[in-house]
Number of protein chains: 2
Amino acid sequence: MKAETLLVIDDDQDLRESVIEILEDNGFVATGCESAESALQKIKTEVPSLVIVDNMMPGMGGMALMPLLKNDYPGLKIIMITAFSTVDNAVAAMKSGADDYLSKPFRRDELLVAVKRNLEELKFEQQLSEPDMDEALSCLSNQIRRQILAALAEKKEMRFMDLTRYLGISDHTKVNFHLKNLKANNFVSQDREKSYSLTPEGVKMIDCLHLFSKRIPS
Amino acid sequence: MKAETLLVIDDDQDLRESVIEILEDNGFVATGCESAESALQKIKTEVPSLVIVDNMMPGMGGMALMPLLKNDYPGLKIIMITAFSTVDNAVAAMKSGADDYLSKPFRRDELLVAVKRNLEELKFEQQLSEPDMDEALSCLSNQIRRQILAALAEKKEMRFMDLTRYLGISDHTKVNFHLKNLKANNFVSQDREKSYSLTPEGVKMIDCLHLFSKRIPS
DNA sequence: TTGTGTTGTGAAATAATATTCACATGAAAC
DNA sequence: GTTTCATGTGAATATTATTTCACAACACAA
């Protein structure tokens, strides 16, 4: 995994270089651009993980640049810095795609906190194709298993044959098959009395399903 | 399609009622709650399209309420209003899930513009045709397809062989197979120039994956 | 004891998914 | 024009997932 690079876009050379220095002092790899236009050019050859962009610049301003960047590089994190900050401006910046917003002058640690936090979030978001998501999703991709989870979420605890009848499935071994699968994935557990119930992980899965169906009402 | 309802959450009865009146004068259906807690309760029985929430309230504040709402009802639009607004507070509000932010006191038309704009956005987002859960989940249960979606989300647009190489898969027909699947499910489309990109539904799937990965790491 | 319902196992059959291979087309490069 | 790469198809194969079936242990009631 290659190092994350940061790009500082600001027409004020002093500020730009001092920001770069702060970042480099803290182990980041940072470069600079003096305008939005040159930044767009530069990013074509190397896409940074995060850009820090000034609002007011000759030519294209930071506010106009951000939608372009987010459009071409949706994963890119953007921190906007601005001298004459107002609430409205901050809200507009966030709506235009800024992930964070700093008012000038800012302290060195404010900058670093913002940078680190956003890089953390980026890393987190990039974890999309993780292995244990595999199991969870393939488990959930089966309708009967979803029904079982839903039934257990509803009834809290059920015995085997009650469950199969509840689901209206005639072949009990079929239910058993899926139940075993859920047990193996630790979404369902069986207590001493042979009753089945959701594990905490199972409850989480139900949660996910709810989010899903809310996000995908059909 | 039933009328959109708006919910105004504010402990200040005068302000709450005047906001509701403004909204009703303009043809909206609006109700009120005097606390975050009672709002959570109320929303369980009827989910509004948009909520207007005050920042400072006894008990749970608006800032704490928003993530809860966004978590349970991701489609819900939230406008935060606040008396002592600062840039930092506005930024924090937007990061916590606010879709818009108004400083008190606000003019009647500021409120109305914000409400209308957010309801427009909501309508727009809902117009995208919705995939169903079975298809969505079985599509997402395959790792390569998730990687393709993630790659396209990241790069916005890719040609076939670039995608194949990007994923590090030697057999291009394998990628083709999954790409065809994604195309068939309308998560990915191909433009005139043979480049592949996410459809709006595909973007939604990426969203769902994010929801997922935020929940799974226990 | 005999029957009846519950809860299970494992193997075999079947269905669904995924991978590989052999080949084809058209565009660009040499 | 020949080579090379990008893009793609369809059939054969391999792999997984799911269903079905035959059977068995146990409890409990008639």
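Chain letters run A, B, ... following the sequence lines, proteins first and then strands; every chain starts at 1.
- We find that CD1 of A/I148 is positioned 13 Å from C1' of D/dT18, with the value rounded to whole Å.
- In this structure, A/C33 and A/L7 have side chains that are in contact, with non-hydrogen atoms separated by less than 4.5 Å.
- Here the side chain of B/D99 pairs a donor or acceptor atom with the backbone of B/I78 at under 3.5 angstrom.
- Checking the phosphate oxygens (OP1, OP2) of D/dG8, a side-chain nitrogen or oxygen of B/Q190 falls inside 4.0 Å.
- One N or O on the side chain of B/T199 and one on the backbone of B/G202 form a donor-acceptor pair closer than 3.5 Å.
- Between the CG atom of A/L179 and the C1' atom of D/dT18 there is a distance of 15 Å, given to the nearest Å.
- Protein chain A touches strand DNA chain C; the 5'-most and 3'-most nucleotides with an atom under 4.0 angstrom of its non-hydrogen atoms are C/dT6 to C/dT9.
- Rounded to whole Å, the distance from CG on B/N176 to P on D/dT7 is 10 Å.
- One finds a side-chain N or O of A/K174 lying less than 4.0 angstrom from the OP1 or OP2 phosphate oxygen of D/dT19.
- At least one side-chain heavy atom of A/S49 sits less than 4.5 Å from a side-chain heavy atom of A/L119.
- Atom-to-atom distance recorded for B/L152:CG and B/L163:CG is 5.5 Å, nearest 0.5 angstrom.
- Using modelled atom types, no side-chain atom of A/T82 and backbone atom of A/S85 make a donor-acceptor pair closer than 3.5 Å.
- Judged by closest nucleotide on DNA chain D, A/R145 is the one of A/R145 and A/T173 placed further toward the 5' end.
- Residue A/N181 has no polar side-chain atom (N or O) positioned under 4.0 Å from OP1 or OP2 of D/dA17.
- OP1 or OP2 of D/dT19 lies within a sub-4.0 Å distance of a side-chain N or O belonging to A/H178.
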